[in-house]
Amino acid sequence: MNINKIINNTLILVAIAALAVSCKKEKLSPVPQTNLSDLVAFATPDRIEQQVNGIYAAMKNGNFLGGRGLVYNDVRGENWLNVTGNGVTALGVWNYSVVSTDNQVEGMWGAGYAAINRANVVLEGIDANAGVISAAKASAYKAEARFCRAVSYFYLTTLYGKKSYTADAGASLGIPLRLTAAKGSGGEALARATQAQVFTQILDDLTFAENNLPAKYASGDSNVVRAHKNAAIAFKTRVYLHMGNYPAVITEANKIVPATGPFTAGTTGVNHSLNANFVNVFRTPYTTTESIFSLPMTVTNQPGTQNGLSSYHNSEFGLNPAGIIADANWKSTDARKTLVTSSQRYQKYNDDVSNWVAIIRYSEVLLNLAEALARQNTVIDVRALALVNAVRQRSDATTTHTPLTQADLVNIILNERNIELLGEGHRSIDLQRLVLAFPAKGSLAAVPPSAQNYVWPIPATELLYNGLAVQN
Amino acid sequence: MRKLILTLSAVLVFVLTAVAQNRSITGTVTNENNTPLEGVTVISPDGKQGTQTDKDGKFSLSIPLSVKNLTFSFVNYQTEVRAIRQSLVLNVTLKTADSKLEEVVVIGYGTQKRKDATAAISTINSNSIKNIPAQSFDQLLSGKAAGLNVIIPNGVLNNPPVVRVRGVNSINGSSFPLVIIDGVPAFTGDASTNSAANNALASINPSDIEDITILKDAAASAIYGSRAANGVMLVTTKKGKAGKAKITYDAWVGWTEAFNIFDVLRAQDYVTLKNEAVLNANYQIPTSGLVPGLGLTPPAAGQPIFFMDNINGRPVDTRWADYVYQKGMQHNHNISISGANQGTRYFFSTNYTKQNGILQTNTFDRKQIRMNVDQKVNEWLKIGGSINFSRGTAFAPNSGSLPGTPFNTSGAARLAFVTAPNISPFLADGSYNYIGNPNIVYTGQNNQTLRNSFNQIGRGKNFDRSGFTNPAMVRDINLFSSVNDQLIADVNAEVKIVKGLIYRIQYSANYLSTEDKSFQNALHGDGIQTTALTDDGRAFNIFAKNNIVNFQNTLTYDKSINNTHNFNVLAGSEELSNKTDRWGASRSGLTENFYNEYQGGYSQNDNPIGNLITENYLLSFFGRLNYNYKNRYYIAGNIRRDGYSAFADGKKWGNFGGVSLGWNLSDESFYKDSKMAKVLNKFKLRGSYGTVGNLSAVGNFGSLSTFSSGLYGNGYSTLFYSQAGNQNLTWETSNKLDVGFDFGLFDDRITGEFSYYKTDLSGLIINVPTPPSMGIPGNSIQSNAAAMYNKGIELNINAAIIRKNDLNWNTYFNLSTLKNEVTELANGVPQIIGTTQLENTNMTRTGYSIGTFFVVKSNGVDAATGRRIFVNAAGQNVYFDFSQPTATRYKFADGSTAPAIDIAKDGYMAGNALPTVYGGIGTNVAYKGFDVSIDAIYSLGNKVYFGSRAGLLDQRFWNNSTEVLRRWQKAGDVTDIPKLIYNDNISNGSAFPIDANLYNGNFVKFRNIALGYTLPAKLMGMAKITSVRMYAQMTNPFTITNYPGSDPEISVNGNTALTPGVDRNTIGQSRTLTIGVNLIF
């Protein structure tokens, strides 16, 4: 060992040590390869558009509007009988026995609020990244987000609110109204808003949506699976009808329904109209002009096992022989009746994996308007009758409704609604807005609006971790 | 400079002079028994002259006059330095290095004399684990060191053991110790994603291991900083040893079998008892379930529904365990070549093992090769490297015995005892007995196909289902495999800069790729999809590449000032990068039953499965100072600064460290002269305290809030909020205190260590729930919120009872105690439920040991009515009768209806799941050529939840254990088995766990008994073989326990912290007889 060696070795050592220490500090902040950090998730126009799509994707979660959310509202009504007795597939929903710890109660709530939070995250993200897209584009995207938020709140508050809005003009408790993005801890405790507050917010969101959504999109598919101006208007007719505000229903519906037939929405927006073939509305490619807003499914983008509407319509539940199919005036030749199988199954949805889910259709808007008109008039409203006949005769050209009284007309419209929207998640919500008991079905007794199980309980985990939440 | 040149010149002159004046030294080296030692290295202090002793222990060496002494070194003996005086003959007696205090121990980034160690370190020598059949070395460590608790979870081949150093050290993170193999960080745990378990550590051949050092306290482990909370296991592999090339061949062959398989009812008893239960329940097969048109009339209520004879009128009595278990044969072969001379040290080995397990179709084989070489290039440079390559292939059925699987419908362990014995696996024509999908054109073999009942074993003449799936069929038609290819390689160099100052650099890579294949046939079992017939039959493969790259630089400096002040200083840096790239694919709708691979014919491609790309990076700087004064007073400290990629900016860096003190009392002159010293010849006090961390609970991107991509319908890409990060996440903190002493008695005839330890764990990461209305993904946020502690004592004793020429008797004993208590959980988290797949078995609450059993109290069986008596939260007896309508099954003693028992409300903290006392004891006797060794382990103080018993007494169609024969039958019967009511799944604990199935888990298990014979050396001379040893041994020969299950050493939930000690539907351990031979050429 000589001095040169010492010096050499030391130099090598220092060099290597320096190399070791200089080892790339950026390695300490690796970037995930399969996820985007929140810092860059809104950095490009494409990403913002994908963020907006993500809200719809959350809404179509199988536990929410992609399946179970609608099923629960159907099977709470009298039109379905449970077949399999399977506790995890809506048996307790059907027999009104769900409790606050139930997976179904927790699942729907969680999936619904996940969609709401996604909308809130996107609204915040768009504002925080103002320069990335034009102000007009930003407004349109925000309108989509608020449309989704409104739809989600509507489905949640009608199921979990203490009383339906119409029972006491919204004075009862609704659900917590979360309008800011939750991305970390903080703000856990939030009291439930009243039904009136929730509905005010829903209408505020829908009005903003109506004013800022595009009239239509370039691709036909988008006009069904993304919100546009008519979708916001259409949904407002449903919300106002639910609130019993019939003049407002008429005002909104008039924007997309002409005074006389043939009923089409007009060419300024998507020119919605009834599809001549009823069955084809529910068959591929699912993009008829009747479909105002639907949630799309594909083989690689499914609602999940035991979530799809078809598995409930064709396996878990069967149609109640004493329900709407007992209606003698609903002829077997009616296109809608031809979907009822010999074993009382319902083929509106017939494919486990790829049936799109119709959230709102033009025929519903016609019926919403018809009901509002009929209720607003003291005598038989001619336009209302024309509307309900348009819906009936599209499926059954041989029948014309001929009501004798105004009350008769209202009942005809409600009955038509029960037929037309069967299996689309309306029955429970309709009974609740009319403050009607859930009728007896099978071996189950009727459930009056005063009963505790007329609405769902608030989930146990919400009560546990949200200190301000209270049970129904 | 001038002075230096002068000095160098002087040295040069001196050396030249020396060369001219050599002398020859001769001598004999023997051991204390006067036996000549062959292969002893005799070397001059400068390393320039050296030789080895021959077979007579003689050496001859020519050395310069300048050389004043010679060093004699030999493995397992104390190195001697002898001065050369007048005589040119130097006879040396080497003392065996049997005293632990004289050993060198491996510590983090270096070695140390055990005598100088002031930390809690245990070393396991390879001799104590060699030749024992296993797949990986970690399975062999039970009872081998104080403070180390190893539980073999069950007999599934290559299922990773539960390994704990001083208790459970994390709640959601890993408690498995950090494993470092020759300085290279290792992968641990099950690398497989399917039912073919494949422990990553099985890539190391146990026979290649020289020793394993366990760093337990902060003084020892803090040099590993943020990864040290669970203790550190340093594995050192064998290296070549001085002497001529040594060639070894080791082989064993073994036969393994299951033991304590549950005694279940034979067919006659099954039929009798099930029909009794049917009668008691007044049960009738629901007519609505029968397919119309078959013309079958279900028996009236209370009439028999199970029948002894089958459809052909012949009785059937099937022992289903015969279709699940087997006697497996195993064999193992190692060849190694090793040696070392002045400059080069090398070791080469290869291994092949093929092992059949106790479960049919469960196999493991390993093909492995290992090479290492060190070369001394010159006096200042040494380079070396090693390569270990292994392919470990595992096949296993769906055993239901791995974490998350015990309730799998086709889990083999449960099928073995649940399936009705009065049906057969095969039909008369030799085909499988099963009920196929009724949607297929189906020629029903039982004429009893029920709606919604396909995908079950066929029922014979029974009127209710008679099992889940057919064990023989799913065994044969489904296939699960996992192949681990692992390459561990390193290169290293050591540069001696000046005397005492050494720079070392090591670059290593550990590449583990795993290919998991799963195939589920379309005919029967898990491959049957509930959704659509066209989806039946599924194959899914997952391929993963896991890479660790590690780069270490260390400087060590040894300095002794007058043998008074002794310093050892270490400084270093380390980079560790860990990447995983995994992807998988799935296909379903098998088109042809001929295929059993992913590449066969399927009608649809499913969404990809198992996709993952992730990485982490750890950058570290560390240092250590050891100082002692005259080898009597010790002080040591080590620090480490770690930067870890998973934490947010500002939280990335953490500091860890430990200090220790030691006092070698027995080296004090006043002590040496005392009478005490005659008995207690060695005594050292030591103590340490320090802080280390645990990063395993944090996901690689755990601090980040991230967005993921998905789909919305046809062609709409989405981006959505998928993870709520926590910018404040940081290491879990472990503060470790250790005090103890090391001792030697009677001239080291008895040596041992005693320690008291306490580990305070804080900032443990748990998922703090958020209200679901916030819509946070997963409804929780990871947070450093919980705390707990572990404390106890450890005692380790080794005794050389007899040390004679031809009789040696050694024994060891170690004992550890553990008290664990959770002291803090997050606000809003009153408890954490521990779930065994479907069943909530354990509960973690403050004030209790982690994962305490949580069950409903049972007060036996009412002698008057045969009803199970539960005890509700208010302490009231609640009588349960399944034969009543649902609403009135639970009754108080006065006959009034009681609320149904709800485990959430009525469960109680029923017992500790972690052993509180455990350890090992063993003995080894060698007499002439014979050697006998016995090793036992023991474990006390914990309960084991015998969940399988709930199934074994379940009154659905399930077969029962023979325990059920002592059922309650009439008023006055005093028994623990309630009246049998058909379909009763509540009374015996299937619906919720009850304490009637909770048992004391104490056991003493004889782990291994071996008998060996080494052929006399004189016989060997002719065959040119150095040594031949033959042996026979029994692994798990017997266990002393009151536990009624197959084995109290069990863990169906593997290494999870929250659900220890659960015996639910898992197979038991294996018992293996092996015979083998060790040859040395």
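Computed from heavy atoms alone, side chains included, the values below leave out hydrogens, waters and symmetry copies. Below, chain A is the first sequence line, B the second, and so on; all start at residue 1.
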>> I'd like to know which of Ala181(A), Ala114(A), Ser222(A) tops the heavy-atom pair count under 4.5 Å against chain B.
In response: Ser222(A)
>> Taking side chain as everything from C-beta outward and backbone as N, CA, C, O, which of these in Thr614(B) sits under 4.5 Å from a heavy atom of chain A? Side chain, backbone, both or neither.
In response: neither
>> Once rounded to the nearest 0.5 Å, what's the spacing between atom OG1 of Thr770(B) and atom CD1 of Ile776(B)?
In response: 5.0 Å
>> Nearest 0.5 Å, please: how far is CZ in Phe720(B) from CG in Asn53(A)?
In response: 12.0 Å
> Regarding Glu144(A) and Tyr56(A), is there a side-chain donor-to-acceptor distance under 3.5 Å anywhere?
Replying inline: yes
> Counting heavy-atom pairs under 4.5 Å to chain A, which of Ile613(B), Leu719(B), Asn607(B), Thr718(B) comes out on top?
Replying inline: Leu719(B)
>> Has Asn616(B) got a side-chain atom pairing as donor or acceptor with Ser645(B)'s backbone, closer than 3.5 angstrom?
In response: no
> Given that the side chain runs from C-beta out, which part of Ser152(A) has a heavy atom under 4.5 Å from chain B: side chain, backbone, both or neither?
Replying inline: neither
>> Can you tell me which portion of Leu704(B) sits under 4.5 Å from chain A's heavy atoms? Options are side chain, backbone, both or neither.
In response: side chain
> Which one of Gly112(A), Ala182(A), Ser37(A), Pro459(A) has the most heavy-atom pairs closer than 4.5 Å to chain B?
Replying inline: Ala182(A)
> Between Ser708(B), Gly715(B), Ser717(B), which residue shows the highest count of heavy-atom pairs closer than 4.5 Å to chain A?
Replying inline: Ser717(B)
> Relative to chain B, which segment of Ile116(A) carries a heavy atom at a distance below 4.5 Å: side chain, backbone, both, or neither?
Replying inline: neither
> At their closest point, which heavy atom of Val198(A) faces which heavy atom of Gly174(A), and how far apart are they?
Replying inline: CG2-CA, 4.4 Å
> Quick one: of Glu462(A), Gln33(A), Met297(A), who has the most non-hydrogen atom pairs under 4.5 Å with chain B?
Replying inline: Glu462(A)
> Checking heavy atoms, do the side chain of Asn611(B), its backbone, both or neither come under 4.5 Å from chain A?
Replying inline: neither
>> Does either side chain, that of Asn350(A) or that of Asn355(A), offer a donor lying less than 3.5 Å from an acceptor on the other one?
In response: yes
> Highest number of heavy-atom pairs under 4.5 Å with chain A: which of Gly572(B), Ser773(B), Ser705(B)?
Replying inline: Ser773(B)
> Any idea which of Gln552(B), Gln727(B), Glu615(B), Gln723(B) has the most non-hydrogen atom pairs under 4.5 angstrom with chain A?
Replying inline: Glu615(B)
> Side chain, backbone, both or neither: which part of Ser703(B) has an atom under 4.5 Å from a heavy atom of chain A?
Replying inline: neither
>> Does any backbone or side-chain atom of Phe42(A) lie under 4.5 Å from a heavy atom of chain B? Answer side chain, backbone, both or neither.
In response: side chain
> Just how far is it from atom CG of Asn700(B) to atom CG of Asn578(B), taken to the nearest 0.5 Å?
Replying inline: 7.0 Å
>> Shorter than 4.5 Å, heavy atoms on both sides: which option in Ala469(A), Gly54(A), Pro296(A) has the most such pairs with chain B?
In response: Pro296(A)
> Is there a side-chain contact between Tyr557(B) and Tyr503(B), using heavy atoms and a 4.5 Å cut-off?
Replying inline: no
> Considering only heavy atoms, which portion of Arg47(A) lies under 4.5 Å from any heavy atom of chain B: side chain, backbone, both, or neither?
Replying inline: both
>> For the interface with chain B, which of Ala41(A), Gly467(A), Pro32(A) has the highest count of heavy-atom pairs at distances below 4.5 Å?
In response: Pro32(A)
>> Given heavy-atom pairs under 4.5 angstrom as the criterion, report whether the side chain, backbone, both or neither of Ile781(B) touches chain A.
In response: side chain
>> Less than 4.5 Å to any heavy atom of chain A: does that hold for the side chain of Phe701(B), its backbone, both, or neither?
In response: side chain
> Contact part of Asn714(B) toward chain A, heavy-atom cut-off under 4.5 Å: side chain, backbone, both or neither?
Replying inline: both
> Using 4.0 Å as the upper bound for N to carboxylate O, is an ion pair formed by Glu49(A) and Arg226(A)?
Replying inline: yes
>> More than 12 heavy atoms of other residues, nucleotides or ligands under 6.0 Å from OH of Tyr217(A): yes or no?
In response: yes
>> I'd like to know which of Val52(A), Thr34(A), Thr461(A), Val225(A) tops the heavy-atom pair count under 4.5 Å against chain B.
In response: Val225(A)
> Does a side chain donor of either Thr706(B) or Asn35(A) reach within less than 3.5 Å of an acceptor in the other side chain?
Replying inline: no
> Which bit of Lys60(A) comes within less than 4.5 Å of chain B, counting heavy atoms only: side chain, backbone, both or neither?
Replying inline: side chain
> At what distance, to the nearest 0.5 angstrom, does OG1 of Thr44(A) lie from CD of Gln50(A)?
Replying inline: 7.5 Å
> Nearest 0.5 Å, what's the OG-CH2 distance between Ser100(A) and Trp109(A)?
Replying inline: 11.5 Å
>> Under a 3.5 Å cutoff, is there a donor and acceptor pairing between the side chains of Ser97(A) and Asn95(A)?
In response: yes
>> What part of Val122(A) gets within 4.5 angstrom of chain B, counting heavy atoms only: side chain, backbone, both, or neither?
In response: neither
> So which part of Asp46(A) gets closer than 4.5 Å to some heavy atom of chain B, the side chain, the backbone, both or neither?
Replying inline: neither
> What distance separates Glu316(A) CD from Asn314(A) CG, expressed to the nearest 0.5 Å?
Replying inline: 10.5 Å
>> Is Leu295(A) in contact with chain B via its backbone, its side chain, both, or neither, using a 4.5 Å heavy-atom distance?
In response: both
